[in-house]
Amino acid sequence: MEDMPELPEVETIARALAPRLTGRRIASAEFRCPRILLGDADQMAEALAGRKITGIRRHGKFLVIELSGGRLFTVHLGMTGKLLMDGTPGKHTHAILTLDRGVLLYDDIRQFGRLEVGDGLPARVAKLGPEPLEIELALFTAALHRRKTRLKALLLNQRFVRGVGNIYADEALFRAGIHPLAIASRLRRDRAQRLHQAITTVLAEAIEGRGSSVSNYVDADGRKGSFQLSHRVYQRTDQPCLVCGTRIRRILVAQRSTHFCPKCQKR
DNA sequence: ATCGGTACCTGCACGC
DNA sequence: TGCGTGCAGGTACCGA
């Protein structure tokens, strides 16, 4: 296993990078792997060169690096992407941004990440759902009741809410006491409220813990996250439920590994 | 429009 | 030691 960028991890990275990147100027950019680029490598390098970095923020699982002139460098880390300050380029370094002070590297073993430069958010990013930490209960419940899919699949759908991935979907469903195969449209209001609360709580706690780290997740400062210590079902297959002792099960939902307690989580 | 299934990559753990 | 298999937290795309 490598590492993992869901909302809390990306938020942690954005916070760590902000003070180090803001105010820096990009002297030059080099892109070595066309596969991960949404755009032409030379054009992207040209669009970045000479721009000043004015800020960095998170949008769902996307990192948005704001540049002078309103230009945006949008980065999705995929499954194994890393943004590193002042490291040494290696086999999996696909982008090198030379700054007026220091260097910003993009590493990505599996090449599932995507890099893009534009004068606004890319359309496919702009149309994602609301931030899960901001959506109000009434809107959340209404959106939930419009979908007939299984809850686990819905939580992973970035057009429903943006930023929840496999770990936090499983953890939120466990904390809400809801089965991952429950149908969204049939969820009673009190259970929808529990889910909304569980999502809020688990994401906030994970951000507080600087994200999860299954094996070697390291943020931009090289510090490890600690939230994996708080996982109650994720990757705990066959271990006892921390509430009732029942064996945690693993099933596939929408082709994604899904962990739950069959006693605590009801359809 | 909305759903599930598949493809895209590399590396690691595990059993034989 | 090597080889085959399954697994990995991502999205995009396809057809039903």
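A, B, ... follow the sequence lines: proteins, then strands. Residue 1 opens every chain.
- Among B:dC3, C:dA8, B:dT10, the nucleotide with an atom closest to any side-chain atom of A:T149 is B:dC3.
- In this structure, A:L128 places its CG atom 13 Å from C1' of C:dG10, rounding to the nearest Å.
- More than 12 heavy atoms of other residues, nucleotides or ligands shown are found within 6.0 angstrom of CZ on A:R124.
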Check residues 246-254 of chain A and write down every donor-acceptor pair under 3.5 Å in which the side-chain atom is one partner and the other belongs to a residue at least two apart or another chain.
| from | atom 1 | to | atom 2 | distance (Å) |
| --- | --- | --- | --- | --- |
| A:R247 | NH1 | A:D238 | OD1 | 2.8 |
| A:R249 | NE | A:R247 | O | 3.2 |
| A:R250 | NE | A:S257 | OG | 3.4 |

Pair assignment for DNA chain C - dot-bracket with | for other-strand partners, Watson-Crick or G-U under 3.5 Å: .|||||||.|||||||
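- Between A:M44 and A:L115, the closest side-chain pair of non-hydrogen atoms falls below 4.5 Å.
- Distance NZ (A:K152) to P (C:dG10): 9 Å, rounded to an integer number of Å.
- Residue whose closest nucleotide on DNA chain C sits further toward the 5' end, between A:L156 and A:L252: A:L252.
- The side chain of A:S257 contributes an N or O atom lying less than 4.0 Å from OP1 or OP2 of C:dA8.
- Atom CG in A:D108 sits about 11 Å away from atom P in B:dG11, given to the nearest Å.
- Rounded to an integer number of Å, the gap from CG of A:L38 to P of C:dT11 is 13 Å.
- A:Q158 has its CD atom 4 Å from the P atom of C:dT11, to the nearest Å.
- Pairs engaging residues 58-106 of chain A under the ring pair (Phe, Tyr, Trp, His ring centres under 6.0 Å) rule: A:F62-A:H76 [sequence neighbours left out].
- Stacking is not found between A:F112 and the pyrimidine-like six-membered ring of the C:dT11 base under the 5.5 Å centre-distance and 30° plane-angle cut-offs.
- As a whole-Å value, the separation of A:H145 NE2 from B:dT2 P is 17 Å.
- In this model, the phosphate group of B:dG11 is not approached by any side-chain N or O of A:T80 to a distance below 4.0 Å at OP1 or OP2.
- Side-chain nitrogen and oxygen atoms of A:R124 include at least one within less than 4.0 Å of the OP1 or OP2 phosphate oxygen of C:dA12.
- Looking at A:I178 and A:R267, their side chains never come closer than 4.5 Å, going by heavy atoms from C-beta outward.
- Residue contacts for A:E6: at a heavy-atom cut-off of 4.0 Å it reaches the sugar-phosphate backbone alone, with no base atom in range.
- One can place CG of A:L63 at 14 Å from C1' of C:dG10, the figure rounded to the nearest angstrom.
- Residues A:V117 and A:L38 fail the side-chain proximity criterion, which asks for heavy atoms closer than 4.5 Å.
- In this structure the side chain of A:H259 never reaches within 4.5 angstrom of the side chain of A:R236, judged on heavy atoms.
- Phosphate contact (OP1/OP2 of B:dC3, side-chain N/O of A:R147, threshold under 4.0 Å): present.
- Counting non-hydrogen atoms under 4.0 angstrom, A:R250 reaches the backbone sugars and phosphates but no base.
- Within the structure, a side-chain polar atom (N or O) of A:R256 is placed less than 4.0 Å from OP1 or OP2 of C:dG10.
- For the OP1/OP2 pair of B:dC3 and a distance below 4.0 Å, the side-chain nitrogens and oxygens of A:K148 include no atom meeting the criterion.
- In this structure, A:Q255 does not reach the B:dG4 phosphate: none of its side-chain N or O atoms is under 4.0 Å from OP1 or OP2.
- Taking atom CG of residue A:D170 and atom P of nucleotide C:dG10, one finds them 10 Å apart after rounding to whole Å.
- Contact between the side-chain N/O atoms of A:H76 and the OP1/OP2 oxygens of C:dA12 is not found at any separation under 4.0 Å.
- You'll find the side chain of A:L83 reaches within 4.5 Å of the side chain of A:L104, heavy atoms only.
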